[in-house]
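Quick note: numbers below take in every heavy atom, side chains included, and nothing from hydrogens, waters or symmetry partners. Everything numeric in this text was worked out from a predicted model, so none of it was measured.
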Amino acid sequence: MTQNPQLTMALSKGRIFEETLPLLEQAGIVVTEHPDQSRKLILPTSRDDLRILIVRASDVPTYVQYGAADFGIAGKDVLYEYSKEHPGGLYQPIDLNIARCRLAVAVRDGFDYDAAVRQGARLRVATKYVNVAREHFARKGVYVDIIKLYGSMELAPLVGLADAIVDVVSTGGTLRANGLVAVEDVMPVSSRLIVNQAALKTRAAVLQPILDAFEHATPSQG
Ligand SMILES: Nc1ncnc2c1ncn2[C@@H]1O[C@H](COP(=O)(O)OP(=O)(O)OP(=O)(O)O)[C@@H](O)[C@H]1O
Ligand SMILES: O=P(O)(O)OC[C@H]1O[C@H](OP(=O)(O)OP(=O)(O)O)[C@H](O)[C@@H]1O
């Protein structure tokens, strides 16, 4: 792939973009257009040698691994799923402590999860995180049928598609609003900086100072 002369960062819009802005600012970098106000997928910054690609959260590792972006930011949930299918390709040097949440198992309020597990029932589990879920239940010795969904996981137990979900929980508001309860934590989640292995070697002079600045930046409270 031809190397772009600019350094390229991959970010997803929404919470990761918003929580990254203050970290970039602490590194002296201002993003001069906002993805909510612009249909552009390549955003300029106050530095001529740095641009930002706006991609889906679960696509950030792909852009970085293939070198279309030199570095990016992705949640541990996304990185764990990705690494199961693409082992070893990404350098993940810094936990930025942003977009903090957890992956949890949740069921309909009133569903006796412990009893179902004790009785060795085969559980139907709907999730976007099929690898995380498969590993979690294998560790517990629970038989599961995994149903892959791409969003609105909370709906699945309400309409009989699944007994349980594995999904992101932060305030718990989405679960409550849908009559679900979290019954088990799967893993804590925050977002990490990820870096293309080749870029780390060939572009160290421009990349390393940015990585250092991220390492020392403090996330806003939220
Ligand atoms: N409610 C939340 N609170 C805090 N962090 C969250 C929350 N939901 C998701 N996250 C974290 O932020 C990341 C990005 O979430 P976001 O909702 O922007 O994308 P998505 O809709 O999950 O991804 P995609 O567009 O690929 O389907 C997630 O991978 C997770 O690490
Ligand atoms: O525990 P809570 O604080 O309610 O957060 C959990 C919700 O947050 C995420 O959804 P998000 O708001 O990002 O919507 P989306 O995934 O559909 O974009 C996630 O998919 C959960 O549904």
Side-chain angles (χ1 to χ4, degrees), residues 10-23 35-36 54-65 72-86 90 92 94-111 113 116-117 123-140 142 144-194 219-222:
L11 278 183
S12 55
K13 61 179 172 184
R15 59 175 52 86
I16 290 188
F17 185 86
E18 301 302 338
E19 294 189 40
T20 300
L21 282 183
L23 303 182
D36 291 349
I54 298 298
V55 304
R56 287 286 293 264
S58 43
D59 288 335
V60 169
T62 308
Y63 277 81
V64 174
Q65 176 153 12
I73 295 176
K76 269 189 230 164
D77 49 337
V78 164
L79 289 169
Y80 197 90
E81 271 303 297
Y82 185 83
S83 69
K84 289 286 148 194
E85 276 148 37
H86 309 83
L90 286 169
Q92 305 181 19
I94 303 164
D95 186 344
L96 296 168
N97 270 313
I98 59 170
R100 289 162 65 95
C101 51
R102 67 192 208 272
L103 281 174
V105 180
V107 298
R108 239 182 26 250
D109 198 2
F111 178 85
Y113 175 73
V117 166
L123 286 182
R124 272 186 307 164
V125 177
T127 188
K128 182 160 101 173
Y129 305 98
V130 294
N131 293 302
V132 173
R134 201 167 279 127
E135 258 192 42
H136 175 76
F137 290 105
R139 224 176 7 247
K140 287 173 57 75
V142 175
V144 288
D145 290 318
I146 306 276
I147 300 169
K148 165 93 184 181
L149 290 177
Y150 294 87
S152 300
M153 263 76 80
E154 292 86 356
L155 193 55
L158 303 180
V159 295
L161 180 62
D163 304 305
I165 59 171
V166 170
D167 195 16
V168 162
V169 179
S170 174
T171 61
T174 309
L175 293 183
R176 270 193 303 282
N178 292 290
L180 303 183
V181 286
V183 286
E184 210 160 68
D185 282 353
V186 176
M187 64 167 76
V189 170
S190 54
S191 285
R192 300 194 73 96
L193 200 68
I194 55 172
S220 347
Q221 298 305 311

With I98, which of P22, S190, S191 fulfils side chain to side chain contact (heavy atoms under 4.5 Å, CB included)?
S191

Please round to the nearest 0.5 Å and tell me the distance separating atom CD of Q92 and atom CD1 of I194.
7.0 Å

CD of E85 to CG of N131, rounded to nearest 0.5 Å, is 5.0 Å

Measuring only between side-chain heavy atoms, which start at C-beta, is D36 closer than 4.5 Å to E18?
yes

Out of V181, L123, D163, which residue meets the side chain to side chain contact (heavy atoms under 4.5 Å, CB included) rule with Y113?
L123

Would you name the heavy atoms of E184 and H136 that are closest together and state the gap between them?
OE1-NE2, 2.7 Å

Under 3.5 Å, is there a donor-acceptor pair between the side chain of H86 and the main chain of Y82?
yes

Output yes when D95 and K76 qualify as a salt bridge under the 4.0 Å nitrogen-oxygen rule, no when they do not.
yes

Of all heavy-atom pairs linking A74 and L79, the shortest is O-CD1, 3.6 Å

Smallest separation among heavy atoms of M153 and I165, with atom names:
O-CG2, 3.2 Å

Is there a side-chain contact (heavy atoms from CB on, under 4.5 Å) between V132 and E81 once you walk through the steps?
CA-CA 6 Å; V132 173; E81 271 303 297; 3.3 Å; yes

Work out which heavy atom in V78 is nearest to a heavy atom in S58; give both atom names and the distance.
CG1-CA, 3.8 Å

Work out which heavy atom in A156 is nearest to a heavy atom in L149; give both atom names and the distance.
CB-CD1, 4.0 Å

Are L180 and L158 side-chain neighbours, meaning at least one heavy-atom pair lies under 4.5 Å?
yes

If you look at every heavy atom in V166 and T127, which pair is closest and at what distance?
O-OG1, 2.7 Å

Side chains of F17 and I54, heavy atoms from C-beta outward: is any pair under 4.5 Å?
yes

Is it the case that more than 12 heavy atoms not belonging to Y129 sit under 6.0 Å from its OH atom?
yes

Would you say that more than 12 heavy atoms from the other residues, nucleotides or ligands in this model lie under 6.0 Å from the CZ of R108, or not?
no

Quick one, L96 and L23 - any side-chain contact, counting heavy atoms below 4.5 Å?
yes

Start with the C-alpha distance between V186 and R102, add both sets of side-chain angles, then the distance that settles side-chain contact (heavy atoms from CB on, under 4.5 Å), and finish with yes or no.
CA-CA 7 Å; V186 176; R102 67 192 208 272; over 6 Å; no

Could you walk me through whether R134 and K84 pass the side-chain contact (heavy atoms from CB on, under 4.5 Å) test, one step at a time?
CA-CA 11 Å; R134 201 167 279 127; K84 289 286 148 194; over 6 Å; no

Measuring from atom OG1 of T20 to atom CZ of R15, what distance do you get when rounded to the nearest 0.5 angstrom?
12.0 Å

Give, for atom NZ of K13 and atom CZ of R56, the distance between the pair rounded to the nearest 0.5 Å.
10.0 Å

Run the numbers on I73 and V60 for side-chain contact (heavy atoms from CB on, under 4.5 Å), then give the verdict.
CA-CA 7 Å; I73 295 176; V60 169; 5.8 Å; no

Would you indicate whether the side-chain heavy atoms of I16 and L11 approach each other to under 4.5 Å?
yes

